[in-house]
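The structure under discussion appears below in the form of structure tokens.
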Amino acid sequence: MKIAKATQKPGQTKEQTKLISQGIEKGIALYKKQQKEKARQADKAKKKVQRAKQTQQADVEESAETRDISSSKSTNSALVPWVLLVVSWVGFVVYLTQFH
């Protein structure tokens with residue numbers, strides 16, 4: 001009401017001033033509502049970014065664990081052909097000595 005009275009024109013009626021005051025109140029209420037919505041949206045976006053970072057860190061840690069496991073598997077899998085080669089030669093020698 002103070003703002004409406006401060007901007008009151010000469011010859012303006014009290015009803016007109018009251019309507020202007022109501023319009024200002026509605027405008028302020030709408031502005032506050034919009035600011036709350038903007039803050040809410042900013043908070044949602046911030047949380048989304050944080051979740052994305054956490055997910056990315058979890059993926060990086062998981063891939064590091066997978067790499068560690070696969071490197072140990074690759075070491076084991078590198079031994080498999082040599083073990084099979086030795087077993088086959090031993091089997092071949094046993095075959096030759098028993099049947100000839």
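None of these values were measured; they are calculated from a predicted model.
- Enclosure of atom CD in Q50 by more than 12 non-hydrogen atoms of other residues, nucleotides or ligands within 6.0 angstrom is indicated.
- Side-chain N/O atoms of Q41 and E37 include a donor and acceptor closer than 3.5 Å.
- Expressed to the nearest 0.5 Å, how far NZ of K26 lies from CD1 of I28 amounts to 13.5 Å.
- Using a 4.5 Å heavy-atom threshold, the side chains of T13 and Q16 count as touching.
- Checked against side chain to side chain contact (heavy atoms under 4.5 Å, CB included), W89 has the following partners two or more places apart in sequence or in another chain: L85, F92.
- Shown here are the side chain to side chain contact (heavy atoms under 4.5 Å, CB included) partners of Q22, two or more places apart in sequence or in another chain: K18, L19.
- With sequence neighbours left out, E61 forms a side chain to side chain donor-acceptor pair (under 3.5 Å) with no residue at all.
- Atom CD of E62 and atom OG1 of T55 lie 11.0 Å apart (nearest 0.5 Å).
- Within a 6.0 Å radius of CD in Q35, other residues, nucleotides and ligands contribute more than 12 heavy atoms.
- No chain of hydrophobic side-chain contacts below 4.5 Å, direct or via other Ile, Leu, Val, Met, Phe, Trp or Tyr residues, connects V90 to W82.
- Looking only at distances, no side-chain donor or acceptor of S21 sits under 3.5 Å from a matching main-chain atom of T17.
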